[in-house]
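Let me begin by presenting the structure, written as structure tokens, before commenting on it.
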Amino acid sequence: MIFRPDEARRLIRDSLVAAASEMAGRPVQVSLAEPRHEGFGDLGTQVAMELAPGLGRPPRQIADALVSLLHLPDGLVSCVSVDGPGFINLTFSRSYYDAFLRVLGTEGLRPLVDRPGEGRKALVEFVSSNPTGPLNVGHCRQAVLGEAVSGLLEVTGWTVEREYYFNDSGLQTLLLGESLASRYLEGSPGEIPIPENGYHGDYIEGWARDLASSRGRGLSWPGDSQVFVDHARTRAMDLIHSDLEMLGIEFDRYFSESSLIPEAVEEAIARLSDVFRDGSSLIFEEPAGSGKKWLRLTALGRPEDRVLVRDNGMYTYRAPDIAYHLDKFRRGYDLLVDIFGSDHLDTSQDVTAALSALLGEERVRSTLRVILHQFVTLVREGRKVKMSTRAANFVTLRELIEEVGSADVTRYLFLTRKAEAHMDFDLDLARRQSDENPVYYVQYAYARIAGIIRTAEAQGASPSTAPGALEGELEEPAERRLVKMLESVPGRTAACAEALEPHRLTEILAEIATAFHSFYQKHRVVDPDAPRRTSARLLLCAACRNTIRDLLGTLGVEAPERM
RNA sequence: GCGCCCGUAGCUCAGCUGGAUAGAGCAGCGGACUUCUAAUCCGCAGGUCUCGCGUUCGAGUCGCGACGGGCGUACCA
């Protein structure tokens with residue numbers, strides 16, 4: 001009999017719930033947790049202590065009675081004990097662990113992880129940087145985060161589409177075009193200055209030269225503004241594509257803001273104006289007759305009303321943002337994930353409020369999940385690297401990866417912090433190819449296992465796969481710790497996915513690596529004089545290898561066969 | 001001022017639905033390579049979980065308040 005870890009826990013919990021509810025004469029909730037310390041079994045519950053005050057009996061007595069009421073499935077649990085003040089502890093049977101290891105060692109993590117997303121579709125929007133220049137370190141964090149969240153959803157069964165929304169029609173696009181024109185026209189009679197708040201990056205000079213050689217020198221500003229804008233946008237998107245390629249991230253779709261203009265935006269505004277709160281439409285014009293349209297966000301619990309259409313007829317970014325999200329909702333996804341930098345908080349909440357007004361709060365809350373990540377500070381030689389965006393002295397994603405020397409290291413290190421936490425990225429640590437670098441620690445464990453398996457294959461040894469072949473084996477403390485560790489991975493992975501928190505995966509990876517390195521140090525795997533033990537340990541190694549491979553794969557980090 | 005996030009070891013940070021003695025890496029100290037990779041392991045030391053009040057049988061975790069830091073508070077995105 002094979003139990004998936006989450007099923008095993010559910011069966012045990014159900015049994016405890018039934019027993020406890022029977023005893024208490026009412027429905028009782030039971031929480032199961034791994035005992036913090038070894039020697040107390042694999043799973044424990046304190047339900048007896050919770051029931052004690054209500055029943056007026058000593059917790060231990062209640063625990064004993066509960067144990068006698070338990071109906072557990074055959075072959076799952078080998079030992080139930082009452083410990084300490086009244087904890088009930090359970091130990092999984094060997095046959096449960098053995099079956100688990102066989103699946104993990106042969107098929108990997110996939111069949112062992114709960115798949116609540118099976119048959120459902122998710123859209124993850126991330127990066128969504130304006131096409132105005134190369135991606136910077138902030139985008140890098142977001143790209144890595146989005147990719148890991150996507151991977152995590154896929155592990156739990158979701159069909160995921162990765163989408164990049166780019167603003168190619170607002171004021172910034174014009175400013176970029178004008179900045180390009182300024183460079184292009186430099187030294188010519190029609191010379192114009194770089195606009196205030198314009199873009200100063202060196203990359204624009206290259207674009208200007210290319211434009212001059214492809215279109216000649218006869219263009220002028222503002223007469224040919226569309227040419228400049230189009231050229232700048234095209235080149236900026238090229239830059240972004242190549243930056244993403246460097247990081248190894250691919251999107252399923254690039255969604256253009258301008259494709260929403262004007263129809264979809266007008267429709268969104270019309271729909272909003274049909275919504276009334278306290279007798280007034282959510283859309284109002286002020287000053288009257290100016291054409292300036294406001295969204296009455298204060299009626300939706302937000303602190304300020306915001307302009308959607310300026311008096312010159314141009315949309316502010318919130319208008320297409322709302323239209324874009326309506327479009328995503330209309331496309332019929334079961335889950336929409338938005339990943340933004342923390343500077344988008346206000347906008348994001350405004351958009352969410354508008355969507356709730358149009359689609360219903362419940363639907364929006366259950367479908368849309370927003371991850372707002374904090375900023376990144378680069379640290380070099382113990383000091384913060386100063387960065388500012390428009391002045392063009394920011395560090396680009398490309399420079400970062402080149403300095404670190406590896407996209408994998410960059411990706412992994414970005415994922416070791418939770419999204420909501422501000423991150424100091426230590427360039428010196430990232431660059432070091434040593435034990436101080438947490439990426440190598442994990443990759444090294446994988447490479448070591450690969451080495452063991454190569455040795456085993458050369459000697460004709462292979463992992464145990466027959467039922468019963470593990471009996472009496474893998475009993476050493478280091479082996480048991482490792483098995484237990486692995487058994488917890490599927491459930492924890494599913495929890496990471498549910499919480500959309502990939503950083504926890506790096507914790508799990510580090511724990512597996514620690515447990516493996518420790519095991520490796522103590523015990524030799526391949527031993528021609530002990531073929532049975534060799535096979536058992538090889539299965540354990542294969543299980544470890546597959547787990548590391550699958551988790552690293554989820555994060556988009558390579559698992560090297562040799563280092 | 002208001003909104004959101006963060007505050008855990010000297011430093012950088014984990015801590016899953018509230019559970020048994022709060023963890024890891026780095027830095028510090030002391031050990032282990034004739035072996036399937038020492039990019040490793042083992043040990044020692046290091047804590048008023050910012051502070052206060054509250055909820056609970058039980059709080060790093062939940063609530064309220066204070067303090068400190070970050071981000072936002074645009075008719076930029």
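In this text the structure is predicted, and so the values were computed from the model without any measurement. A, B, ... follow the sequence lines: proteins, then strands. Residue 1 opens every chain. These numbers come from the heavy atoms of this one structure, side chains and all, not from hydrogens, waters or symmetry mates.
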B:A74 and B:A20: how far apart are their P atoms, nearest whole angstrom?
46 Å
Hey, is the main chain of A:Val137 close enough, under 3.5 Å, to the side chain of A:Arg141 for a donor-acceptor pair?
no
Check every strand shown and say whether A:Leu345 touches a base, only sugar-phosphate, or nothing at a heavy-atom separation below 4.0 Å.
base
Can you pull every protein N or O that's under 3.5 Å from an N or O on nucleotides 5-11 of chain B?
residue: B:C5; atom: O2'; partner: A:Glu420; partner atom: O; Å: 2.5

Ignoring backbone atoms, establish whether A:Tyr441 has a side-chain N or O less than 4.0 Å from OP1 or OP2 of B:C41.
yes
Using ring centroids (six-membered ring only for Trp), state whether A:Phe255 and A:Tyr164 fall under 6.0 Å.
no
Is the positively charged end of A:Arg448 above the ring of A:Tyr520, judged by distance under 6.0 angstrom from the centroid and angle within 45° of the axis?
yes
Whole-Å distance, A:Phe340 CZ to B:C4 P, equals 18 Å
Report yes if a side-chain nitrogen or oxygen of A:Arg310 is closer than 4.0 Å to either non-bridging phosphate oxygen (OP1 or OP2) of B:C76; otherwise report no.
yes
Would you say that more than 12 heavy atoms from the other residues, nucleotides or ligands in this model lie under 6.0 Å from the CD of A:Gln61, or not?
yes
Report yes if a side-chain nitrogen or oxygen of A:His523 is closer than 4.0 Å to either non-bridging phosphate oxygen (OP1 or OP2) of B:U35; otherwise report no.
no
What integer distance in Å separates A:Gln172:CD from B:C76:P?
9 Å
P atoms of B:G28 and B:G68, separation to the nearest Å
35 Å
Just to be sure I follow the notation: if a pair is Watson-Crick (purine N1 to pyrimidine N3 plus N6-O4 or O6-N4) or a G-U wobble (N1-O2 and O6-N3), each under 3.5 Å, what dot-bracket string does RNA chain B give, with | for pairs to another strand?
(((((((..((((.....[...)))).(((((.......))))).....(((((..]....))))))))))))....
For A:Asn89, answer base if it contacts any base atom (sugar-phosphate contacts may also be present), sugar-phosphate if it contacts only those atoms, and nothing otherwise; contact means non-hydrogen atoms under 4.0 Å.
base
Ring centroid separation A:His517 to A:Tyr441 under 6.0 Å
yes
Using only atom types and a distance under 3.5 Å, with no angle test, would you say the side chain of A:Glu163 pairs donor to acceptor with the backbone of A:Glu125?
no
Counterpart residues, side chain to side chain contact (heavy atoms under 4.5 Å, CB included), relative to A:Asp14 (two or more places apart)
A:Arg10
Quick one: do the A:Asp168 and A:Ser256 side chains pair a donor with an acceptor below 3.5 Å?
yes
Scan A:Asp424 against the nucleic acid and name what it touches under 4.0 Å (heavy atoms): base, sugar-phosphate only, or nothing.
sugar-phosphate
When the P atoms of B:A22 and B:C51 are considered, how many whole Å apart are they?
16 Å
Below 4.0 Å: OP1/OP2 of B:U35 and any side-chain N or O of A:Tyr520
no
A:Lys522 NZ - B:A38 C1' separation (whole Å)
16 Å
Send over the distance from A:Tyr440 OH to B:U40 P, rounded to a whole Å.
12 Å
Is there a donor in the side chain of A:Glu561 and an acceptor in the side chain of A:Tyr446, or the other way round, less than 3.5 Å apart?
yes
Using heavy atoms to find the nearest nucleotide of RNA chain B for A:Ile88 and A:Gln349 separately, return the residue whose nucleotide is more 5′.
A:Gln349
If only side-chain N and O atoms of A:Arg448 are considered, is one of them under 4.0 Å from the OP1 or OP2 phosphate oxygen of B:A38?
yes
Give the nucleotide from the list B:C76, B:C71, B:U35 with an atom nearest to the side chain of A:Asp343.
B:C71
Could you state the CD-P distance from A:Gln46 to B:G18, rounded to the nearest angstrom?
11 Å
Applying a 4.0 Å non-hydrogen cut-off, can you work out what A:Arg302 is touching in the nucleic acid: base, sugar-phosphate, or nothing?
nothing
Determine the interatomic distance between C1' on B:G47 and the same-named atom on B:G10; round to the nearest Å.
12 Å
If the C1' atom of B:G7 is compared with that of B:U40, how far apart are they to the nearest Å?
34 Å
Main-chain N/O of A:Asp408 paired to A:Ser406 side chain as donor or acceptor, under 3.5 Å:
yes
What nucleic acid atoms does A:Met563 come within less than 4.0 Å of, heavy atoms only: base, sugar-phosphate, or nothing?
base
Please determine, by modelled atom types, if A:Tyr199 and A:Gln172 share a side-chain donor-acceptor pair under 3.5 angstrom.
yes
Heavy-atom distance under 4.5 Å between the side chains of A:Thr396 and A:Asn136, does that happen here?
no
Does A:Thr347 have a side-chain nitrogen or oxygen under 4.0 Å from the phosphate oxygens OP1 or OP2 of B:G72?
no
Please report the distance, rounded to the nearest Å, between CZ in A:Arg504 and C1' in B:U17.
10 Å
Using atom P in both nucleotides, what's the gap between B:U61 and B:G19 to the nearest angstrom?
10 Å
Are the ring of A:Phe87 and the base ring of B:A20 both nearer than 5.5 Å at their centres and tilted by less than 30°?
yes
Less than 3.5 Å between a donor and an acceptor, one on the side chain of A:Asp346 and one on the base of B:A77, is that the case here?
no
Distance between P atoms of B:A14 and B:C62 (Å, rounded)
15 Å
Does A:Leu32 reach a base, just sugar-phosphate, or nothing at all? Heavy atoms under 4.0 Å.
base
Nearest heavy atom decides the nucleotide; on that basis, is A:His517 or A:Gly170 closer to the 5' end of RNA chain B?
A:His517
What does A:Glu511 touch in the nucleic acid at a heavy-atom separation under 4.0 angstrom: a base, only the sugar-phosphate, or nothing?
nothing
NA contact type, A:Ala447, heavy-atom cut-off 4.0 Å: base, sugar-phosphate, or nothing?
base
Nearest whole Å is fine: how far is B:A77 P from A:Met314 CE?
7 Å
With rounding to the closest Å, how many angstrom separate the C1' atoms on B:U8 and B:U48?
12 Å
Under 4.0 angstrom, heavy atoms only, what part of the nucleic acid is A:Glu498 near: base, sugar-phosphate, or nothing?
nothing
Pick one for B:C49: is it syn, with its angle within 90° of 0, or anti?
anti
Given atom CD of A:Glu50 and atom P of B:G58, what is their separation to the nearest angstrom?
12 Å
Test item: side-chain donor near acceptor, A:Tyr315 and A:Glu257, under 3.5 Å
no
Regarding A:His344, tell me which of base, sugar-phosphate or nothing describes its non-hydrogen contacts under 4.0 Å with the strands shown.
base
